[in-house]
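Throughout, a chain's letter reflects where its sequence line sits, starting with A, and its residues are numbered from 1.
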2 protein chains.
Amino acid sequence: MTTAHAPATGSRVPLNRSRVLAAAVALADRDGIEALTMRSLARELGVEAMSLYHHVANKDDLLDGIVHVVAGEIQAAASALEPPPDGSGWKAAMRRRILTARSVLLRHPWAPGVLETRTTMSPHVVRHYDALLGLMRLGGFSYDLAHHAMHALGSRALGFTQELFEPADDDGDDDTAIAMLEQMADQAPHLVEMMTEITHDGPESTLGWCDDQTEFEFGLDLILDGLENRLRQG
Amino acid sequence: MTTAHAPATGSRVPLNRSRVLAAAVALADRDGIEALTMRSLARELGVEAMSLYHHVANKDDLLDGIVHVVAGEIQAAASALEPPPDGSGWKAAMRRRILTARSVLLRHPWAPGVLETRTTMSPHVVRHYDALLGLMRLGGFSYDLAHHAMHALGSRALGFTQELFEPADDDGDDDTAIAMLEQMADQAPHLVEMMTEITHDGPESTLGWCDDQTEFEFGLDLILDGLENRLRQG
DNA sequence: ACCTGAACACCGTTCAAGT
DNA sequence: ACCTGAACACCGTTCAAGT
């Protein structure tokens with residue numbers, strides 16, 4: 001009703017769920033997910049922490065909410081892609097949709113971690129999964145093979161992977177990294193040799209020798225090629 | 001010195017790091033990782049919370065420690081496997097080692113989640129990775145291909161995958177699950193049809209239609225087959 | 001209907017003090 | 001050398017009260 005003349009003085013617009021969620025996403029993007037507390041979010045919105053409970057049930061609901069926002073971005077970006085020409089294009093179409101999801105998640109690096117902890121799927125994620133299934137069905141997959149495929153893709157279907165060696169970026173201290181490598185040369189000779197060999201023809205930074213995008217696509221293509229084989233074998 | 005005659009009265013053995021870590025692993029196994037707090041762990045050991053800080057630097061160090069214990073179990077189980085006959089056995093040998101790691105992690109369901117949050121790798125994990133690299137080298141992999149392979153495997157190399165739909169086991173309430181399915185039939189038609197179709201020839205439980213072990217092996221074999229192809233292509 | 005302040009039950013952790 | 005109690009700075013959340 002009174003939305004016409006909002007007073008000139010700052011934040012007199014009443015809070016609502018989407019404003020709370022948008023602020024939470026922005027805060028997590030800027031300061032990291034561990035900085036997102038009910039109190040810090042309230043401060044960001046110029047309000048008391050307890051006010052938030054009128055718009056989200058609790059912190060878990062808040063986390064569900066921000067995952068939903070990100071999943072919505074994925075859905076929006078993916079639905080903007082043109083549909084595959086015919087069933088034979090399932091592989092390229094899946095690849096494109098998954099890489100699109102990945103490009104969205106790269107803007108919200110905290111999202112994979114939060115996604116893992118959710119027990120219910122956002123409807124947007126459900127639709128994303130369904131779209132992938134639809135592509136496979138068009139390509140001639142049985143539901144059984146498509147089901148295996150979804151498991152094989154795992155979180156990769158949404159555009160991220162579980163890396164196990166996420167080296168804490170110790171800003172440019174490559175000397176200690178090299179010292180560490182030499183120290184464990186007897187314990188892990190192959191690992192050390194691999195790293196030194198690949199580092200040689202790689203970029204200057206010792207620890208920056210893994211191109212995430214390249215590795216993601218390598219793994220994704222490996223799986224998609226494997227599925228193509230299984231599909232041919234019936 | 002005085003370890004010979006421990007008094008009959010319960011816990012008069014002095015605390016040490018490995019006893020603290022063992023108790024922490026046992027507590028997490030029994031009550032879940034969220035139940036592992038400095039205070040609860042101390043109570044378990046019949047001691048004050050602050051005493052723990054003489055044996056672990058802080059909670060992060062405690063988490064590093066219990067991951068190290070689990071990784072040690074993996075290493076022990078894997079080193080008990082007989083070595084592969086020759087280089088041609090790389091695929092079977094990797095498969096066996098990875099499934100062995102998985103069998104250990106199944107006893108510590110909290111471990112994958114904690115592993116993800118660690119910024120440094122346990123030496124046991126390093127050795128596990130190195131053993132996998134060694135198998136690939138024996139099989140004729142270049143370090144470049146082996147490097148891609150490790151990324152493609154990701155956390156699967158340690159025996160777990162990032163499942164995105166970990167349905168909170170709502171004990172046997174299959175009716176509401178079916179109702180939910182029907183409700184989203186228009187939003188996710190393929191997903192619904194897949195679930196109903198697979199459920200038919202599956203076991204009795206509606207939500208228990210995914211055999212984790214089968215799916216893990218399907219994905220692992222998909223990747224190993226794909227690597228074999230890449231290896232042949234040079 | 002929306003917001004608030006004080007309070008509660010939990011955390012991890014510091015510190016000075018005990019033996 | 002090892003353990004302790006009280007205290008501090010944070011959490012998420014409840015509750016009764018304000019407008």
Checklist line | Euclidean distance, atom NZ of residue K59(A) to atom C1' of dC10(D) [Å, nearest integer] | finding: 12 Å
Next item on the list: Determine the contact category for M50(B): base if any of its heavy atoms lies under 4.0 Å from a base atom, sugar-phosphate if only primed atoms, P, OP1 or OP2 are that close, otherwise nothing.
Entry: base
Notebook entry, point to check: Under 6.0 Å between the ring centres of H151(A) and H147(A)?
Noted result: yes
Note to self: Counting the atoms with a prime plus P, OP1 and OP2 as sugar-phosphate, which does S51(A) contact under 4.0 Å by heavy atoms, base, sugar-phosphate, or nothing?
What the structure shows: base
Note to self: Is there, by distance only and without an angle test, a donor paired with an acceptor across the side chain of H54(A) and the base of dC2(C) below 3.5 Å?
What the structure shows: no
Checklist line | Gap between atom CZ of F160(B) and atom CD of E116(B) - 0.5 Å precision | finding: 5.5 Å
Notebook entry, point to check: Can you check the L15(B) CG to dT19(C) P distance for me, whole Å?
Noted result: 20 Å
Next item on the list: Kindly indicate, with the supporting measurements, whether the criterion side-chain contact (heavy atoms from CB on, under 4.5 Å) is fulfilled by I98(A) and L158(A).
Entry: CA-CA 6 Å; I98(A) 290 174; L158(A) 260 177; over 6 Å; no
Checklist line | Stems involving DNA chain C, each a run of at least 3 consecutive Watson-Crick or G-U pairs under 3.5 Å | finding: C:4-8 with D:12-16, C:12-16 with D:4-8
Notebook entry, point to check: Can you tell me how far P of dA9(C) sits from CZ of R39(B), to the nearest Å?
Noted result: 14 Å
Note to self: Does this structure show an ion pair linking D64(B) with R118(B), if we count only N-O contacts that are shorter than 4.0 Å?
What the structure shows: yes
Notebook entry, point to check: Roughly how many Å is it from CD in E34(A) to P in dG12(C), rounded to a whole number?
Noted result: 17 Å
Note to self: Among dC11(D), dC3(D), dG12(C), which nucleotide has an atom closest to any side-chain atom of V47(B)?
What the structure shows: dC3(D)
Next item on the list: Would you kindly give the CE-to-P distance between M38(A) and dT14(D), to the nearest whole Å?
Entry: 10 Å
Notebook entry, point to check: Can you check whether H55(B) has a side-chain N or O nearer than 4.0 Å to OP1 or OP2 of dC3(D)?
Noted result: yes
Next item on the list: Determine whether the side chains of D29(B) and H108(B) contain a donor N or O and an acceptor N or O closer than 3.5 Å.
Entry: yes
Notebook entry, point to check: Given the rule in the side-chain contact (heavy atoms from CB on, under 4.5 Å) test, do E193(B) and L133(A) qualify, once you have shown the distances and angles that lead to the verdict?
Noted result: CA-CA 10 Å; E193(B) 195 166 343; L133(A) 280 173; over 6 Å; no
Checklist line | Per E48(B) side chain, nearest of listed nucleotides dT4(C), dG5(D), dG12(C) | finding: dG5(D)
Notebook entry, point to check: In whole angstroms, how far is the C1' atom of dT14(D) from the CG atom of L52(A)?
Noted result: 15 Å
Next item on the list: May I ask you to evaluate whether Y53(A) reaches the phosphate of dT13(D), defined as a side-chain N or O under 4.0 Å from OP1 or OP2?
Entry: yes
Next item on the list: Would you name the heavy atoms of V69(A) and L21(A) that are closest together and state the gap between them?
Entry: CG2-CB, 4.0 Å
